[in-house]
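See below for the structure under consideration.
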Amino acid sequence: MGMNVQGRPTQQVAESVAPSSTFTGNRALQIEESLIFEKNAFDETGVDLPEPVGVNRLGAHARQSPINLPGLSEPETMRHYVRLSQKNFSIDSGPFPLGSCTMKHNPRLNEKMARLPGFADIHPLQPQSTVQGALELIDELAHWLLELTGMPAVAMSPKAGAHGELCGMMAIKAALIDRGEAKSRTRVLAPESAHGTNPATAAQCGFTVDAIPADETGRIDLEALRQKMGPDVAAIMVTNPNTCGLFERDIRAIADAVHEAGGYFYCDGANFNAIAGKVRPGDLGVDAMHINLHKTFSTPHGGGGPGAGPVVLSEALAPFAPVPYVVKEGGRYHLVETRRAAEAEGESHAGGRLTAFHGQMGMFVRALSYMLSHGGDGIRQAAEDAVLNANYVLARLKAEMTPAFDGYCMHECLFDDEFLKGTGVETIDFAKAMIDEGYHPMTMYFPLVVHGAMLIEPTESESKQELDRFCDALLSIARRAKAGDQSLKTAPHFAPRRRLDETGAARNPVLRWTPAE
Amino acid sequence: MTVRYTKDHEWVRMDGDVAVVGITAHAAEQLGDVVFVELPSKGASFKQHADMAVVESVKAASDVFAPISGEIVDVNTAIVDDPARVNADPAGEAWFVKMKPADPAEFDGLMDEAAYNAFTENA
């Protein structure tokens, strides 16, 4: 037996010279992936199918030209989509501090529950006697939502926040029609800082939108609001906590003002995560509020899955709720699916049907899993921790960055670009520099009422260690900007792509792949 | 030729008895690269401060308000076809609409250039 002479250097080479580029365009294991259509596999097929036999009855409808779909094999297909997925940033890759989006952790328990065959493998058209568990789950989730919001009725079928807004505003419109006031009450009030969906929803329902100014603390100017009230006001749309991350302290007075004027109070529930288990919207005078199950109750979103936006309704609006809804009778559950069936049950559901089926079942399962695993006290603690985390970030970042408003915040903290004045660095550059540091940027340039806004929502999911790393990175960027580091202007430097030509993409969008000539 | 300005960053210039309306260079710079413009139709009438047109940049969508009351007599379709013109020459070639003023007093009530410049510096 001789000595093994296959030794190789196992220490770092003292001096290394890095190449400026690679032959393939790949950077180590970061693969430069082409579009699936660019793989030029049109003449190939990944699956062998038998030639059809017998008479082709398609006649003139038979395809005349090749279908031109890439025919990749299974390993090629797997690699393509796995490589694409590796370019994606998600809450499972790192903190996702998008303000107003509540990108909290999606517990794996939710996923396990949603994959139970009794929930995953059912069809909305199968006999109700065979899906009793699913109907019970919808009913139980509805009960939790009513309990948490202190409201008497809920519509489960809306499929996202904006869809929920539409449902709520349509209920308000229906109530006004019922009162014979639809023609006279045409104005909807919304703060200047509102989510864009608020005025869009109001306009979609045929209302005109009137902006409510904010006071110097970032909240609704109550006096200005009172002056805007009148017999033509249909509703007010308010987010609480608002999009500046602040609790509207005058919320009861705001509700009273709109009710005295004969209008309704629509609350945008996008920020319910900050107050769930702490405050019941029903106690604040809310008439309708959507709940983003995908924000508050941890179901995946932002490309990770469909949203779900159930809407809770007050006594005044409950008769205008849509169908379907679940009822329990003698230990059995059934769906009431039409207005007429609701009337036969002695209920008014004048809203009719809003979607084809019953809502986002998969999200219902995940949301109820979250509720049951956390319990009422856990949901309250999640809200408290979300607010604590945001205030910790606010307190640390204050050292270099300029908060838009004084005082504590709720679940998100808002900065303006005052601290960047004179540095040549703007909010957009700051956000791109965050990508270089491995962080998804916060919400930028929103709300519109704050110049160069940076809205950070850390959520309750992040540990103190993670928040500290995040704050250290942002403080470092802020200090570099103030020290005149012009490399920030061209960040990101280490991402697979640098600055994209957003103007070119908006002016000349290329939405379809076409083969090279 | 006298040009008057609004707090919402529109300019208006009298060309005979027709008012030419556009957005200011300050507004165009703040918006960034304009990618979309929506104009009212000819013959439409607007009250002063009513939203009349939409201008969209990569950053944001904004309403353009009627600086004075009146009827739209002409619209500049060239900026709809090529929104980049709004950034290139906001005060000249990239005018938005021409209006027949309903009340000449409204024009006189707007800011002159010195007042507008002071307004944007303080904003």
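Worth saying up front: this structure is predicted, and the values here are computed from it rather than measured. Proteins get letters first, then strands, A, B, ... in listed order; numbering begins at 1 in each.
- Heavy atoms of other residues, nucleotides or ligands lying less than 6.0 angstrom from NZ of Lys100(B) number 12 at most.
- The number of heavy atoms from other shown groups lying within 6.0 Å of CD (Glu113(B)) does not exceed 12.
- Val35(B) and Thr503(A) get closest at one heavy-atom pair: CG1-O, 4.0 Å.
- At most 12 heavy atoms of other shown residues, nucleotides or ligands fall within 6.0 angstrom of atom CD in Gln204(A).
- For chain A, the nearby part of Asn87(B) is the side chain; its heavy atoms alone come within less than 4.5 Å.
- Looking at every heavy atom in both residues, Val58(B) comes nearest to Glu502(A) through CG1-OE1, 3.0 Å.
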Chi angles and distances behind the side-chain contact (heavy atoms from CB on, under 4.5 Å) call for Asp33(B), Arg507(A): CA-CA 10 Å; Asp33(B) 289 339; Arg507(A) 282 183 186 157; 3.8 Å; yes
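- Neither the backbone nor the side chain of Ala61(B) comes within contact range of chain A; no heavy atoms are under 4.5 Å apart.
- Within a 6.0 Å sphere centred on CG of Asp17(B), heavy atoms belonging to other residues, nucleotides or ligands number 12 at most.
- The environment of His451(A) atom NE2 is sparse: at most 12 non-hydrogen atoms of other residues, nucleotides or ligands sit within 6.0 angstrom.
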